[in-house]
> 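What follows is a single structure, and I will ask about it in a moment.
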Amino acid sequence: MSALAERTETADGYRARRTLPLRVELVRQLKRRRTLVMGAILAVLPFVLVVAFAIGGQPADRNGRVTLMDTATASGANFAAMNLFVSAGFLLVIPVALFCGDTVASEANWSSLRYLLAAPVPRARLLWSKLAVGLGMSLAAMVLLPVVALAVGTAAYGWGPLELPTGGAVSPGTAAQRLVVVVAYIFVSQLVTAGLAFWLSTRTDAPLGAVGGAVGLTIVGNVLDAVTALGHWRDFLPSHWQFAWADAVQPRPEWSGMIQGTAISITYALVLFALAFRGFARKDVVS
């Protein structure tokens with residue numbers, strides 16, 4: 001192809017990798033109301049739980065069995081661990097589904113998607129930018145909750161070791177490392193929800209449909225995991241391993257469950273992300 005022909009197809013100075021920079025997409029998403037509302041909910045939750053414990057009194061063990069909920073007021077570290085325990089099953093699913101499911105579908109809903117592609121932003125570049133920002137904001141949401149909870153819990157209950165439900169305690173420094181592992185695992189376990197939301201976001205022009213569909217399918221997975229008649233088939237459900245991080249808050253951490261859960265989650269997520277990119281590359285974008 002001659003240089004003249006190339007110039008008729010591509011403008012001088014055009015670089016596909018420079019279109020839709022991550023910082024531009026990040027700023028756009030941070031300014032959205034749903035981002036601010038979600039951040040506020042996660043930041044306020046620890047304060048609500050402190051007030052609940054102040055009104056209801058100290059938690060007591062259940063039939064002699066001690067859980068993270070029962071040791072919540074022992075220290076700031078315990079309070080942060082308890083916040084993750086009560087939020088991991090559902091509350092932290094919502095920001096992941098929201099940030100990954102609303103990202104492409106909202107552009108289609110606003111009829112701005114075709115203008116982005118006409119800029120021209122390559123389809124793969126557009127998806128990579130939106131996926132990276134969506135995952136980054138999901139991780140930020142998961143970090144925000146325990147950080148605020150640790151600060152609030154330390155102010156309310158003091159700075160001290162992490163008392164383990166199985167007995168014993170670990171030093172504050174070790175507790176901080178364990179909490180980092182817990183947050184990292186929760187994020188990895190939610191990659192399946194992120195994949196579902198992102199794939200649905202490329203298939204529909206309705207953001208609520210993508211977000212709601214991802215949350216609904218995640219709930220279905222939790223319900224199926226509760227069906228004990230499925231036996232070992234439940235091992236292939238990502239939801240079966242969502243609380244494997246509890247093995248990290250033991251005197252001696254057990255990694256086998258988290259390793260299996262990580263493998264399952266990443267496998268499902270890669271398949272779903274691949275489907276999203278493949279389908280969007282062939283999609284006739286009219287909105």
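Computed from a prediction, not measured in an experiment: that's the story for all the values here. Scope of the values below: all heavy atoms of this structure, side chains included, with no hydrogens, waters or symmetry mates.
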> Could you pull out the closest heavy-atom pair between Val183 and Pro146, with the gap in Å?
CG2-CG, 3.8 Å
> For Asn78, check side-chain hydrogen bond (donor to acceptor under 3.5 Å, both in side chains) against everything at least two apart and list the hits.
Thr71, Ser75
> Is the shortest heavy-atom distance from the side chain of Trp255 to the side chain of Asp247 under 4.5 Å?
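No, side chains not in contact.
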> Would a single hydrophobic cluster contain both Leu36 and Val143, if residues Ile, Leu, Val, Met, Phe, Trp and Tyr are joined by side-chain heavy-atom contacts under 4.5 Å?
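Different hydrophobic clusters.
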> Please check if Ile41 and Leu208 belong to a single hydrophobic cluster, counting links between Ile, Leu, Val, Met, Phe, Trp and Tyr side chain heavy atoms closer than 4.5 Å.
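No, Ile41 does not connect to Leu208 through the hydrophobic network.
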> Check whether any side-chain heavy atom of Gln250 sits under 4.5 Å from a side-chain heavy atom of Leu164, and report yes or no.
no
> Tell me if a side-chain donor or acceptor on Arg234 pairs with a main-chain N or O of His240 at a distance below 3.5 Å.
no
> Of all the heavy-atom pairs spanning Gly160 and Ala77, show the shortest one and how long it is.
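Closest approach of Gly160 to Ala77: O-CB, 4.4 Å.
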> Is there a donor-acceptor contact under 3.5 Å from the side chain of Ser189 to the main chain of Ile186?
yes
> Taking distance alone, no hydrogens or angles, what donor-acceptor pairs closer than 3.5 Å link side-chain atoms of residues 81-101 to residues at least two apart or in another chain?
unit_1, atom_1, unit_2, atom_2, d
Asn83, ND2, Phe79, O, 2.7
Ser87, OG, Asn83, O, 2.8

> With a 4.5 Å cut-off on side-chain heavy atoms, are Pro46 and Val148 touching?
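In contact.
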> Using a 4.5 Å cut-off between side-chain heavy atoms of Ile, Leu, Val, Met, Phe, Trp and Tyr, which other residues end up in the same hydrophobic cluster as Val180?
none
> Among all residues two or more places apart in sequence or in another chain, which pass the side-chain hydrogen bond (donor to acceptor under 3.5 Å, both in side chains) test with Gln260?
none
> Could you check whether any side-chain N or O of Ser201 sits under 3.5 Å from a backbone N or O of Val104, counting only pairs where one atom can act as donor and the other as acceptor?
yes
> What pair of heavy atoms forms the shortest contact from Leu144 to Gly39, and how long is it?
CD2-O, 3.6 Å
> State which residues pass side-chain hydrogen bond (donor to acceptor under 3.5 Å, both in side chains) with Thr193; sequence neighbours excluded, sorted by chain then number.
Gln190, Thr218
> Is it true that a side-chain atom of Ser106 and a backbone atom of Thr103 form a donor plus acceptor pair closer than 3.5 Å?
yes
> Specify the closest pair of heavy atoms between Gly221 and Ser239, including all atoms of both residues, with the distance to one decimal.
O-OG, 2.8 Å
> Got a second to check how far Leu217's CG is from Asn222's CG, nearest 0.5 Å?
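Leu217 atom CG to Asn222 atom CG measures 11.0 Å (nearest 0.5 Å).
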> So how far is it from Tyr185 OH to Met142 CE, rounded to the nearest 0.5 Å?
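One finds 12.0 Å between OH of Tyr185 and CE of Met142.
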> State the CG-CH2 distance between Asp225 and Trp241, to the nearest 0.5 angstrom.
9.5 Å
> Other hydrophobic cluster members with Val44, side-chain heavy atoms of Ile/Leu/Val/Met/Phe/Trp/Tyr under 4.5 Å, chained?
Val48
> Between CZ of Arg123 and OG1 of Thr202, what distance do you get to the nearest 0.5 Å?
11.0 Å
> How is the hydrophobic cluster of Trp159 composed, in terms of its other members, when Ile, Leu, Val, Met, Phe, Trp and Tyr link through side-chain heavy atoms under 4.5 Å apart, directly or indirectly?
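Via sub-4.5 Å side-chain contacts, Trp159 links to Leu150.
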> Main chain of Arg125, side chain of Ser129: is a donor-acceptor contact present, judged purely on distance under 3.5 Å?
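Present.
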> Does CG in Leu224 sit with more than 12 non-hydrogen atoms of other residues, nucleotides or ligands closer than 6.0 Å?
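Yes, the 6.0 Å shell around CG holds more than 12 heavy atoms from other groups.
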> Distance-only criterion, 3.5 Å: show the donor-acceptor pairs between side-chain atoms of residues 264-277 and protein atoms not counting sequence neighbours.
unit_1, atom_1, unit_2, atom_2, d
Ser265, OG, Gly261, O, 3.0
Thr267, OG1, Ala263, O, 2.7
Tyr268, OH, Phe236, O, 2.8

> Could you list the donor-acceptor pairs under 3.5 angstrom formed between side-chain atoms of residues 167-175 and any protein atom two or more places apart in sequence or on another chain?
unit_1, atom_1, unit_2, atom_2, d
Ser171, OG, Thr174, N, 3.4
Ser171, OG, Thr174, OG1, 3.1

> Would you say the side chains of Gln29 and Glu25 form a donor-acceptor pair under 3.5 Å?
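Glu25 and Gln29 do have a side-chain donor-acceptor pair below 3.5 Å.
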> Tell me the salt bridge (charged side-chain N to carboxylate O under 4.0 Å, His left out) pairs involving residues 88-105, sequence neighbours left out?
Arg32-Asp102, Arg34-Asp102
> Excluding sequence neighbours, so at least two apart, what forms side-chain hydrogen bond (donor to acceptor under 3.5 Å, both in side chains) with Gln177?
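With neighbours one apart ignored, the set is empty.
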> Test of understanding: clusters of I, L, V, M, F, W, Y form through side-chain heavy atoms closer than 4.5 Å, transitively. Do Val133 and Val27 belong to the same one?
no
> State whether the number of non-hydrogen atoms from other residues, nucleotides or ligands found under 6.0 Å of Trp245 atom CH2 is greater than 12.
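Counting neighbours around CH2 of Trp245, more than 12 heavy atoms of other residues, nucleotides or ligands fall under 6.0 Å, so yes.
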> Distance check, rounded to the nearest 0.5 Å: Lys130 atom NZ versus Leu135 atom CG?
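Atom-to-atom, Lys130:NZ and Leu135:CG are 13.5 Å apart.
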> Could you list the residues that satisfy salt bridge (Lys or Arg N to Asp or Glu O under 4.0 Å) with Arg278, not counting sequence neighbours?
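With neighbours one apart ignored, the set is empty.
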